[in-house]
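Any value given below was found using the heavy atoms of this structure, including those in side chains, with hydrogens, waters and symmetry copies removed. Read the numbers this way: they start at 1 and go in the same order the structure lists the ligands and their atoms.
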Amino acid sequence: MRKLNALLIAILLLTHSYANSNQQPKPKVKPNIVVIYLDDLGYGDLSCYGSTTIKTPNIDRLANMGLRFTNGYATSATCTPSRYALLTGVYPWRNKDAKILPGSAPLLIGTEQQTLPKMLKQCGYNTAVVGKWHLGLGTGIVDWNKKVTPGPNDVGFDYAYVLAATQDRVPTVYINNGFVDGLNTNDPIAVNYDKNFEGQPTGKENPELLKMMWHHGHNGSIVNGIPRIGFVKGGASANWKDEDIADHFLEKAQTYIKNNHNKPFFLYYAMNQPHVPRTPNPRFIGKSGMGVRGDAILEADWCVGELINTLKSEGLLDNTLIVFSSDNGPVLNDGYYDEAVEKLGNHKPGGPLRGGKYSLLEAGTRVPFFTYWKGKIRPAVSNALVCQIDLLASISSLVGSKITDTDSENLLDVLTGKSSNGRKSLVTEANTKTAFRKGDWLMIPPYPGDAILEEVNIELGNSKEYQLYNLKNDIGQKDNLAKSQPKLLSEMIQSFELIRGKDYKNVEKIELK
Ligand code: NG6
Ligand code: CA
């Protein structure tokens, strides 16, 4: 009997410890993180943001099954500063060079700086950027025939397949981990932003060679019949085909996902649509009924659908946090005659918002912004104030990593729908000028106009007077309440100056290159 008891106890103990070992918490699986970032996509450019004139079913599906923000912001109304803030968590106005960069600009992010991909890399992630870079490359004098460095690989990206600046700026080539892709050494490539290379045709002198005509700027070297900003010579074999850029980047992004499906990864998929020159693949031409700008948005929507299909077929959708946004607001005429204005019809790229790209008014920086995580984020709409600059602190909190202090706020609970307490305030920026959002209010200090930007025909928000808007009651910024709310205005100025400092008045003259 005693023996039997001992046996029973032994069995009990064994099963108990087995059960216990089964209850051990499983090692936490690190979610993949994908940031899908469009270029110049406006608050009103998607059907999930209320557009009835354009249909973006693939993006809508994600937005409607995810958490869609109505007060989601880029830090800036142009590309370089917004991307700088997204990757570093630092307000771009803290860096005097964070302005629209030429294709020959040196790397803007310091190699010692903290970045989102670096932080993730330290946590065991593989990291990649595919698409538009526009944060400078090299140290100032670049030999494009050698490895171009420092670049994205030196600020945290394991894999970088990028275009240097913008589709309208030279060099018009893909750069694969620092090397110009497809370059023939017998035809070296040279780039110059100050003067042309002898004997090379330009948009200014040779309009007969153009398939797309320039309206303002964009009269430098001609590549594929499209005049660009800056001058280039040689490297013909490496030139991209404009109509294939979207397919090409998509393919690189998909291959990256497939190659990394069994380890945690961070993919920054920086798409080029609907930035100028708008060159959607012929598959999309005429599909939107509003010319190439609309067609490029449809192409982007298709690309997003394909990317999601890849995550799905690799079995990764349940374990991937997706963040979707745009680097700045919309523009129609950004320097080419492409009928974006003429064929617009009733479409409102900024939705109910005033202004657009380059503007301190809302449409400059308030952009589509949503998070999606199958099974983890419940479908909802959030009115919380969030900004792309917050991804660094929020994602670092998600993966359990520590970062040093920046302008980035940890809004993980807001971005995952557990809280609706977003930022209390945000400094927004356009062409080195800054404005201030606090609660429902937006204050724009007096600034001189930008003659150089007049051609785009967008209200830039510059005025001799202070502007103060209540965005809750007046999303279209029709009523300037600065005069009728003097106390609130001075409180706003005070809070703004505490963050921004008083030198915001000394705005630099912008020089577009
Ligand atoms: C401007 C260009 C514009 C666009 C912009 C950058 C001119 C006249 N305009 O300088 O076409 O390229 O820079 O856009 O050259 S962004 O989205 O990358 O900030
Ligand atoms: Ca942009």
For Asp39, what is the atom name of its N, O or S atom nearest to the Ca ion (ligand 2)? OD1

Carboxylate-amine/guanidinium proximity below 4.0 Å for Asp407 and Arg423: no

Give, for atom CD of Gln477 and atom CD of Glu362, the distance between the pair rounded to the nearest 0.5 Å. 5.0 Å

Under-4.0 Å salt bridge between Asp301 and Arg61: no

Numbering the atoms of ligand 1 from 1, which are under 4.0 Å from a heavy atom of Ile229? 15 (O)

Any N or O of Ile100 that comes nearer than 3.5 Å to an N or O of ligand 1? no

Ring centres under 6.0 Å, that's the criterion: do Phe249 and Tyr174 meet it? yes

What N, O or S atom of Asp327 is found closest to the Ca ion (ligand 2)? OD2

Interfacing atoms of ligand 1 (cut-off 4.0 Å, heavy-atom, Asp334): 3 (C), 4 (C), 11 (O)

What atoms of ligand 1 come within less than 4.0 Å of a heavy atom belonging to His134? 18 (O)

Under 4.0 Å to a heavy atom of Asn328 - the qualifying atoms of ligand 1, by number: 17 (O)

Please walk me through it: do Tyr469 and Gln467 pass side chain to side chain donor-acceptor pair (under 3.5 Å)? CA-CA 7 Å; Tyr469 300 102; Gln467 296 171 74; 2.6 Å; yes

Evaluate the side chain to side chain donor-acceptor pair (under 3.5 Å) criterion for residues Thr53 and Asn346: first the C-alpha distance (whole Å), next the side-chain angles of each, then the deciding distance (0.1 Å), finally the verdict. CA-CA 7 Å; Thr53 36; Asn346 294 325; over 6 Å; no

Once you restrict to heavy atoms under 4.0 Å, what part of Lys132 touches ligand 1? Side chain, backbone, both or neither. side chain

Would you call Lys357-Asp40 a salt bridge at under 4.0 Å N-O? yes

Just distances here: any N/O of Thr166 and N/O of ligand 1 closer than 3.5 Å? no

When rounded to the nearest 0.5 Å, the distance separating OG1 of Thr75 from CH2 of Trp93 is 10.5 Å

Could you tell me whether some N/O pair between His216 and ligand 1 is separated by less than 3.5 angstrom? no

Of the backbone and side-chain N, O or S atoms of Asn328, does one lie nearer to the Ca ion (ligand 2) than 3.0 Å? yes

Please state whether the rings of Phe496 and Phe436 are parallel, tilted or perpendicular, taking 30° and 60° as the class boundaries. tilted

Classify the ring geometry between Tyr447 and Tyr504 as parallel (under 30°), tilted (30 to 60°) or perpendicular (over 60°). perpendicular

List every atom of ligand 1 that sits less than 4.0 Å from any heavy atom of Val276, numbering the atoms from 1 in the order shown and giving each element. 11 (O)

Counting from 1 in the order shown, the ligand 1 atoms closer than 4.0 Å to a non-hydrogen atom of Asp168 are 3 (C), 4 (C), 11 (O), 12 (O)

To make sure I understand the geometry: which N, O or S atom in Asp40 is closest to the Ca ion (ligand 2)? OD1

Within the structure, does Thr80 bring an N/O atom to less than 3.5 angstrom of an N/O atom in ligand 1? no

Under a 4.0 Å N-O cut-off, is there an ion pair linking Lys211 with Glu243? yes

At under 4.0 Å between heavy atoms, is it the side chain or the backbone of Glu455 that contacts ligand 1, or both, or neither? neither

Have a look at Lys357, His218, His215 and point out the one with the heavy atom closest to atom 7 (C) of ligand 1. His218

Those atoms of ligand 1 less than 4.0 Å from some heavy atom in Asp39: 17 (O)

My understanding is that only one of Asp39, Asp45, Asp338 makes a salt bridge (Lys or Arg N to Asp or Glu O under 4.0 Å) with Arg293; could you say which? Asp45

Contact check, Tyr358 vs ligand 1, heavy-atom distance below 4.0 Å: yes

Could you list which atoms of ligand 1 come closer than 4.0 Å to a heavy atom of Thr78? 19 (O)

